[in-house]
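All values reported here derive from a predicted model rather than from experimental measurement. Every heavy atom of this structure was used, including side-chain atoms; hydrogens, water molecules and symmetry mates were not.
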Protein chains: 2
Amino acid sequence: MKSIGLKKKSEATREALLAAGTRLFAERGFDGASVDAIARGAKVNKAMISYHFRGKDGLYRAILAETFEPTLKRIEGLKADSRPAPERLKTFVSLFAEMVDHRPGLPAMILREVLSGGHHLDERTIPYFLAVLAAVQQIVKGGIRERSFRRVDPILTHISLIGGLVFFFATQPLRERFAREGRLPVRLPASAAYVAHFQNLMSRALQADEPLKTVRKRR
Amino acid sequence: MKSIGLKKKSEATREALLAAGTRLFAERGFDGASVDAIARGAKVNKAMISYHFRGKDGLYRAILAETFEPTLKRIEGLKADSRPAPERLKTFVSLFAEMVDHRPGLPAMILREVLSGGHHLDERTIPYFLAVLAAVQQIVKGGIRERSFRRVDPILTHISLIGGLVFFFATQPLRERFAREGRLPVRLPASAAYVAHFQNLMSRALQADEPLKTVRKRR
DNA sequence: GTCTATAGGCTGATAGAC
DNA sequence: GTCTATCAGCCTATAGAC
């Protein structure tokens, strides 16, 4: 049989390595995750990493690139979105959460990368980080211009926004561990609950002091 | 001479290792920082790590313990503080910033630790994380009770708070790099500016809907 | 495309001289 | 307390069989 519709086995291998790599890089960092462990996690031979991704570095960057790409396109789509800034900000938060849903380890990888000053990034992956920054900036500045947001510093606001968002997803492993060990209540917050909480929190935090519902007279 | 007032050389060695270790563990993670590099960074011989801290693990945990301890005491002092919750929350943010001032790499180390689900923590260091959680919880719940905060979920609020705070300090290396490479404006935000921004942001985000300044009439 | 076997480098730890 | 020298173990990468 000439295998027309079915996915090739090599693609399954690739995908298994991407998934296992994300999990292990997220959990243990670049140096902490050995290629041996990744291959074992993907149930694939070690040598496949060199074959498909030209080594450990290549696999690492491929994970960032292939996961960021689709989400980034959607995030950049927000630039064309004509709804008011608070709406677009909420959508941004939701999009971020969807990305995480697709590859749960990504926030941790992003965070680790940011922590190390981008040690493992190259010219292909750096732009992703800057593009997210640009998208948030555009929303915040737009909101200030249309007077739905107060006059916050866009960079500082960006940091608070991404920080609060990434931290939730990245800390789930620890909360799960603490819950398992009885150090925290067993009922842990779900992603959806946090997304709603955080959208609300940021909306209130950024809201302009005078909602400008009606035209004001000089007094 | 019997060296009465002067610090012993062994203490200088210890401190140099703690400082170099923090910097390298923060930047490269536990596995990424080799004992060789740490010793070189501290301008001290490799074997001193085993001698003073019983190996790499010991140095790592000593950094967490010795840096957390003094700050934690001050944070726990907040529990006895009788000022209204919004004031205490602001103080919490300031205290956190002061701790960072003392050992700049700490937020990154904390974050990495949280990311890995506490892989390198032992029974002596875990309580530090839980104590911070407890302190924030106490402030948030107090604020809700005294009606200065709206009815937010204390856990979710804790995550947003710590996330936004830690993220700023932990991402400074990346911002510095991007600034150096001309990818970001050269004037980077100072800690003090972020602290003020974030205190303001959280105050507004948590503020109760009805400030209760005066008794309201039914309408 | 996949696997096995192996080469070669680097890591953390420590014994023993000072 | 400090240093030098050394070692066993693990790491990544790859050559070559299938």
Side-chain angles (χ1 to χ4, degrees), chain A residues 1-25 27-64 109 112 116 119-120 122, chain B residues 1-64 66 109 112 116 119-120 122:
Chain A
M1 187 170 83
K2 275 189 177 171
S3 106
I4 27 161
L6 286 170
K7 283 192 176 163
K8 278 168 286 177
K9 186 170 179 194
S10 75
E11 255 182 55
T13 301
R14 250 186 87 89
E15 175 54 31
L17 283 171
L18 289 171
T22 311
R23 205 176 59 77
L24 281 159
F25 284 137
E27 206 168 289
R28 310 183 164 223
F30 183 83
D31 297 285
S34 72
V35 294
D36 218 87
I38 295 171
R40 222 179 311 122
K43 288 172 184 162
V44 148
N45 190 279
K46 213 164 66 148
M48 290 298 95
I49 292 173
S50 286
Y51 179 78
H52 284 285
F53 303 98
R54 323 165 114 260
K56 192 185 186 181
D57 294 53
L59 171 61
Y60 185 88
R61 291 195 207 101
I63 290 170
L64 288 182
M109 280 184 67
R112 283 202 140 94
S116 65
H119 251 270
H120 309 99
D122 58 2
Chain B
M1 187 171 79
K2 276 189 177 170
S3 105
I4 27 163
L6 284 171
K7 283 194 178 164
K8 279 169 285 178
K9 186 172 179 194
S10 76
E11 255 182 56
T13 301
R14 251 186 86 88
E15 175 55 31
L17 282 171
L18 289 171
T22 311
R23 204 176 60 75
L24 281 159
F25 284 137
E27 206 168 291
R28 309 182 166 224
F30 183 84
D31 296 286
S34 72
V35 294
D36 219 87
I38 295 171
R40 223 178 308 124
K43 289 174 182 159
V44 148
N45 190 278
K46 209 165 66 147
M48 291 298 95
I49 293 173
S50 286
Y51 179 78
H52 284 284
F53 302 98
R54 324 164 114 260
K56 192 185 187 181
D57 294 52
L59 171 61
Y60 185 89
R61 291 196 207 103
I63 291 170
L64 288 183
E66 298 190 12
M109 280 184 67
R112 284 201 138 95
S116 65
H119 251 271
H120 310 98
D122 59 1

TODO: Measure from CE on Met48(A) to C1' on dG16(D) and round the result to the nearest Å.
DONE: 13 Å
- [ ] Could you tell me whether the side chain of Lys43(B) and the main chain of Ala16(B) form a donor-acceptor pair under 3.5 Å?
- [x] no
- [ ] Quick one: closest heavy-atom pair of Phe53(B) and Leu59(B), and the distance?
- [x] CB-N, 3.4 Å
TODO: Would you kindly give the CG-to-C1' distance between Leu17(B) and dC3(D), to the nearest whole Å?
DONE: 14 Å
Task: Nucleotide nearest Lys46(A) (side chain, heavy atoms from C-beta), chosen from dT4(C), dA15(C), dT12(D) - done: dT12(D)
Task: Whole-Å gap separating P (dT14(C)) and CZ (Phe53(B)) - done: 16 Å
- [ ] Could you work out which one of dA15(C), dT12(D), dT2(C) sits closest to the side chain of Ser10(A)?
- [x] dT2(C)
Open item on the list: To check you understand the geometry: which heavy-atom pair defines the closest contact between Ser116(B) and Arg112(A), and what is its length?
Closed with: CB-NH2, 3.9 Å
TODO: Would you indicate, yes or no, if dT2(D) has its OP1 or OP2 atom less than 4.0 angstrom from a side-chain nitrogen or oxygen of Thr13(B)?
DONE: yes
- [ ] Drop me the distance from Thr22(A)'s OG1 to Ile38(A)'s CD1, to the nearest 0.5 angstrom.
- [x] 9.0 Å
- [ ] Round to the nearest Å and state the distance from His52(A) atom NE2 to dG1(C) atom P.
- [x] 7 Å
- [ ] Please work out if Ala33(A) contacts a base, only the sugar-phosphate, or nothing of the nucleic acid, heavy-atom cut-off 4.0 Å.
- [x] sugar-phosphate
Task: Closest listed nucleotide, where the reference is the side chain of Tyr51(A) and the choices are dG1(C), dA13(C), dG1(D) - done: dG1(C)
Open item on the list: I need the NZ-C1' distance between Lys56(A) and dG9(C), as an integer number of Å.
Closed with: 14 Å
TODO: Can you tell me the distance, in whole Å, between the NZ atom of Lys43(B) and the P atom of dC3(D)?
DONE: 14 Å
Open item on the list: I want to verify a distance call: between dA13(D), dT11(C), dT4(C), whose nearest atom is closest to the Ser50(A) side chain?
Closed with: dA13(D)
Task: Asn45(A) or Arg54(B), whichever maps to the more 5' nucleotide of DNA chain C - done: Asn45(A)
TODO: Specify the separation, in whole Å, of atom CZ of Phe30(B) and atom P of dT11(C).
DONE: 14 Å
Task: Nearest-Å distance for atom pair CG/C1', residues Asp36(A) and dA13(D) - done: 12 Å
TODO: May I ask you to decide if Ser34(B)'s main-chain N or O and Lys56(B)'s side chain share a donor-acceptor pair within less than 3.5 Å?
DONE: no
